[in-house]
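A single structure is presented below for examination.
Chain letters run A, B, ... following the sequence lines, proteins first, then strands; residues in each count from 1. The figures that follow rest on heavy atoms only: side chains count, while hydrogens, waters and symmetry mates do not. Note that the coordinates shown come from a computational prediction; the quantities given were computed from them, not determined experimentally.
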Amino acid sequence: MLSNIDSLMHGFGVALSGYHIMLMMGGVLLGILVGVLPGLGAPNGVTLLLPLTFGMDPVSAIILLTSLYWGALFGGSTTSILFNIPGEPSSVATTFDGYPMARQGRATEALTCAFLSAGFGALVGVIVITLLSTAVANFALRFGPPEYFAVYLLAFASFIAFGGGTPLKTIISLCLGFGLGMVGIDTVSGNMRLTFDFDQLVRGISFLVVVIGLFGLGELLLTIEEGPEFKGASGRIDPREMFRTMGRMPRYWLAMLRGSAVGVWMGITPGGPTAASFMSYGIARRVSRNRANFGKGEPEGVIAPETADHSAGTAAMLPMLSLGIPGSATAAVMLGGLMIWGLNPGPMLFIEQHDFVWGMIASMYLGNVVGVVLVLATVPLFAAMLSISFSIIGPIIVTVCMVGAYTVASSPFDLWIALVFGAVGYAMKKLDYPLAPLILAMVIGDKAEDAFRQSMLSSNGSLSIFWSNWLVGAITTLAILFLLWPLTMLLRRPAQTTDPDAATHAP
Amino acid sequence: MTRYHLELVFAAVVFLVGAIGVYGATALDFGWGADGPQAGFFPFRVGLILMAASALVMAQAVASRGSLRRIPVTDHEGMKRVLGFGLPIIAMVALAQWTGLYVAMALYLFFTICFRGKRPWHVALGVALGVSIATFLIFEIWFQVPLLKGPLEIMLGLG
């Protein structure tokens, strides 16, 4: 652990340069913009920016993308509080108490609470990463293909068991992702798979284009359907009230710690920020001393989901860096970015790319400080932007999505793919199909299949290799238990699964 | 359209996708060879799972059709807004295939803002040209990422 502190100091040396601080500020501001605008969220903000980073060096690129992510998380909370419109799925829970507070004229208090607790949550997440990442990576160095497959299986299984939403729909979402990821050349045998003799499908379907469709266009269609009227509370920040709220923050230490713990757990296991914020809000509403006030403008009702949201978003980077398994949709996109930059996510990253890993971790500390300061300073500006009519902003967002879809691979055909997934995303959202599993399966489905087939090559086709030592056996068994978990629930109360109210709106 | 119908339609689409996957996998060796699963093994099974899971979703929807029928997916107004927003995007993508992205997005912005947004034509024109030119400067000049171009750009000597 002590050597990690040394590495972190080294990382600060890498990350602290004028150029990087500029990138951080640019990234955070772009992120707030993306988070505030409906239809553009963290996953597709990162996706849209990714093709522009191909020419940058990986450290600068990841600093830009992670900063954008922090900004998007902050921006999402801003619209939740001021307009009752969650800019991000993960800030839905923030509307429950944030918007009532803003309507009571306590917008400054709500925003300050949200940003500071978000910063606190992120800080806890980064500290966990700093302390644990090398241990996890060293542990993972001993992994062979069977262990990797078992861990992938565990990731997929935990989505089905704990993802929120009905297990059946999570399975469909996962399998659609697997299927889409399989299109193209099979990496093991070199055969063409599922291309049906279409030239455009030979290089596969890019998950980046799918993200733009599902999260960008789909989200826009949902927004337009509701007939967006931004009846916002005033976004003016009163500096004195802000400092008073800062002074009161330590009083909520228990809520913040609880939220962070929920967030870190949900971020490392692939539950993701959305599930984390809902769970944290739910727990707080049940155990808080002020629980009678929840839903009517209780600061703790803002603090609980915000800390969980940000600590989950941050902690999701731990499995992404050290195992190559993303804990959220945005982390999945970043993982894809690492591969495109020529880095190999996983434990070897910590040995081969020391500068990159620790530069990134150090930048997470800095990026969040920059984020909290910038977001407090620019909230009125961004809130004013929402007063521009959606009839102008909406079409502009569409063109941004289309340009983004084209830049992924310079293929006109990708525009059609983005369009199709826009419609699919709209329907899936309407029917409470979770979207994150689809992206996760597209990004790591391939690697899971490769790991499985490599294991089979070394065991001559015997499945017993997944129980060949205590480690892989334990992970595989746990994964299978997770897979069976919803089945037992299903048997216990069959009527519950079709109740649409029971499904949470996970991305 | 009620939630019941959308559930059935979407599940049917998923079923079809699964069936296509199964069909595509049968063109490959989808068995389990001496060295483990072959290229078509997983596509075949993923297709089967999709078909089975979507059939189950349909069955569940039918079983609780009473309550699902009472949930509207969207009202008439909402549907009109979605189509009014979505159809021009389809037109833009179709147009972009031969005019390139810049021209298609300028026309799309102009017409949606002018007619659907009911803004004065000079505002629409300003946004359309402004966004297209800004996109050109950012992508072609600053980041040197070329976007899809058509006859107009070639004529202007920019392609």
Side-chain angles (χ1 to χ4, degrees), chain A residues 51-52 55 166 168-169 171-172 175-176 178-179 182 186 188-189 191 193-196 217 220-221 224-227 389 391-392 394-396 398-400 402-403 406-407 410 412 415-416 418-419 422-424 426-428 430-431 433 449 452-453 455-457 459-461 495 497-500, chain B residues 3 6-7 10 14 17 21 24-25 28 32-40 42-43 46-47 49-50 53-54 56-57 60-61 63-64 68 71 73-74 77-78 81-82 85-86 89-90 92-93 96-97 101 105 108-109 112-113 116-119 123 127 131 135 139 143-148:
Chain A
L52 299 181
T166 64
L168 207 52
K169 289 184 168 172
I171 290 173
I172 288 182
C175 284
L176 282 175
F178 287 135
M182 283 167 189
D186 171 27
V188 177
S189 69
N191 285 334
R193 293 201 295 187
L194 307 179
T195 55
F196 304 100
L217 297 175
L220 272 176
L221 287 173
I224 203 86
E225 182 204 315
E226 282 150 19
S389 162
S391 59
I392 293 177
I396 294 178
V398 169
T399 58
V400 170
M402 283 304 163
V403 167
Y406 181 78
T407 51
S410 298
L415 300 181
W416 289 113
L419 207 57
V424 171
Y426 174 78
M428 285 176 79
K430 278 278 169 192
L431 298 172
Y433 283 88
E449 190 187 346
F452 184 81
R453 283 160 78 180
S455 316
M456 288 301 104
L457 282 173
S459 74
N460 293 320
T497 49
T498 49
D499 181 2
Chain B
R3 166 117 184 196
L6 190 61
E7 286 277 8
F10 192 78
V14 172
V17 169
L28 304 155
W32 187 286
D35 56 350
Q38 299 303 301
F42 282 106
V46 165
I49 295 173
L50 278 176
S54 57
L56 275 173
V57 168
Q60 276 185 353
S64 49
L68 287 178
I71 309 169
V73 168
T74 169
E77 280 301 302
R81 275 196 292 265
V82 169
F85 191 76
I89 306 179
I90 299 177
M92 167 173 65
V93 169
Q97 305 293 318
L101 258 175
M105 75 193 230
Y108 162 79
L109 285 172
T112 44
I113 294 173
R116 266 194 40 75
K118 301 201 176 61
R119 299 274 144 174
V123 172
V127 174
V131 170
T135 310
F139 284 86
F143 284 98
Q144 309 209 327
V145 178
L147 296 187
L148 188 58

TODO: Specify the closest pair of heavy atoms between A:Leu194 and B:Gly21, including all atoms of both residues, with the distance to one decimal.
DONE: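 In this case the closest contact between A:Leu194 and B:Gly21 is CD2-O, 3.6 Å.
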
TODO: Check whether B:Val14 gets within reach of chain A through its side chain, its backbone, both or neither, counting any heavy atom under 4.5 Å.
DONE: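 It is the side chain, since no backbone atom gets that close.
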
Open item on the list: Taking side chain as everything from C-beta outward and backbone as N, CA, C, O, which of these in B:Leu56 sits under 4.5 Å from a heavy atom of chain A? Side chain, backbone, both or neither.
Closed with: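 Contact with chain A involves both backbone and side-chain atoms of B:Leu56.
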
Open item on the list: Quick check: closest heavy atoms across A:Thr399 and B:Met105, and the distance to 0.1 Å?
Closed with: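 Where A:Thr399 meets B:Met105 most closely, the heavy atoms are CG2-CB, 3.7 Å.
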
Open item on the list: Can you tell me which of B:Val82, B:Val93, B:Thr135 forms the most heavy-atom pairs within a distance under 4.5 Å of chain A?
Closed with: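 With the most close heavy-atom pairs to chain A, the winner is B:Val93.
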
TODO: Identify which of A:Ile396, A:Val424, A:Asn460 forms the greatest number of heavy-atom pairs closer than 4.5 Å to chain B.
DONE: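 Highest number of pairs under 4.5 Å: A:Ile396.
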
Open item on the list: Please report the interatomic distance CD(B:Glu7) to CG(A:Leu431), rounded to the nearest 0.5 Å.
Closed with: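 The CG atom of A:Leu431 is 4.5 Å from CD of B:Glu7, to the nearest 0.5 Å.
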
Open item on the list: Working note: A:Val398 + B:Met92, criterion side-chain contact (heavy atoms from CB on, under 4.5 Å); need CA distance, chi angles, decisive distance, verdict.
Closed with: CA-CA 10 Å; A:Val398 169; B:Met92 167 173 65; 3.7 Å; yes

Open item on the list: I'd like to verify something: which residue of B:Val145, B:Leu109, B:Val131, B:Val17 has the highest number of heavy-atom pairs under 4.5 Å with chain A?
Closed with: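 Looking at each of B:Val145, B:Leu109, B:Val131, B:Val17 in turn, B:Leu109 comes out on top.
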
Task: Heavy-atom contact with chain A under 4.5 Å, split by part of B:Ala53 - done: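 For B:Ala53, the contact with chain A is made by backbone and side chain together.
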
- [ ] Would you name the heavy atoms of B:Ala39 and A:Asn191 that are closest together and state the gap between them?
- [x]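 That would be CB-ND2, 3.6 Å.
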
Open item on the list: Only pairs of heavy atoms separated by less than 4.5 Å count here; which of A:Leu176, A:Ile171, A:Asp186 has the most with chain B?
Closed with: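 So the answer, after comparing A:Leu176, A:Ile171, A:Asp186, is A:Leu176.
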
- [ ] Just give me the residue among B:Val127, B:Ile49, B:Val123, B:Ile90 that pairs up with chain A most often, heavy atom to heavy atom, under 4.5 Å.
- [x]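 If we count pairs closer than 4.5 Å to chain A, B:Ile90 comes out on top.
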
Task: Residues forming a side chain to side chain contact (heavy atoms under 4.5 Å, CB included) with B:Thr112, sequence neighbours excluded - done: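 By the side chain to side chain contact (heavy atoms under 4.5 Å, CB included) rule, B:Thr112 matches A:Pro395, B:Pro88, B:Tyr108.
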
TODO: Identify the heavy atoms of A:Lys430 and B:Val73 that sit nearest to each other, and give their distance.
DONE: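 Scanning both residues completely, I find the closest heavy atoms to be NZ-O, 2.9 Å.
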
Task: Interchain contact, B:Gln144 with chain A, by part (heavy-atom threshold 4.5 Å) - done: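 No part of it gets close to chain A.
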
Task: Gap between atom OG of A:Ser410 and atom CG of B:Leu148 - 0.5 Å precision - done: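 If we round to the nearest 0.5 Å, B:Leu148:CG and A:Ser410:OG are 9.0 Å apart.
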
Task: Between NZ on residue B:Lys118 and OG on residue A:Ser391, distance to nearest 0.5 Å - done: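 These two atoms lie 9.5 Å from each other.
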
TODO: Hey, could you give me the CG/CZ distance between B:Leu50 and A:Phe178, rounded to the nearest 0.5 Å?
DONE: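 One finds 10.5 Å between CG of B:Leu50 and CZ of A:Phe178.
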
TODO: Mind telling me whether B:Phe10 and A:Tyr433 have parallel, tilted or perpendicular rings, with 30° and 60° as the class edges?
DONE: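 Aromatic pair A:Tyr433/B:Phe10 classed tilted.
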
- [ ] Given side-chain contact (heavy atoms from CB on, under 4.5 Å), test A:Leu415 with B:Gln97 step by step and report yes or no.
- [x] CA-CA 9 Å; A:Leu415 300 181; B:Gln97 305 293 318; 4.2 Å; yes

- [ ] Check whether B:Leu28 gets within reach of chain A through its side chain, its backbone, both or neither, counting any heavy atom under 4.5 Å.
- [x]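 Contact with chain A is through the side chain of B:Leu28 alone.
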
- [ ] Compare all side-chain heavy atoms of B:Phe143 with those of A:Thr407 and state whether any distance is below 4.5 angstrom.
- [x]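 Heavy-atom side-chain distance check fails, nothing below 4.5 Å.
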
Task: Atom pair CG/CD of A:Leu168 and B:Gln60 - distance to nearest 0.5 Å - done: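 Interatomic distance, A:Leu168 CG to B:Gln60 CD, rounded to 0.5 Å: 5.5 Å.
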
Task: Part of A:Val188 lying under 4.5 Å from any heavy atom of chain B - done: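 For A:Val188, no heavy atom lies under 4.5 Å from chain B.
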
Task: Max heavy-atom pair count under 4.5 Å with chain A, selected residue of B:Gly86, B:Gly78, B:Pro37 - done: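 Going by pairs under 4.5 Å, I would pick B:Pro37.
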
Open item on the list: Below 4.5 Å, heavy-atom pairs only: which of B:Pro43, B:Gly117, B:Ser54 has the largest tally toward chain A?
Closed with: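 Most heavy-atom pairs under 4.5 Å with chain A: B:Pro43.
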
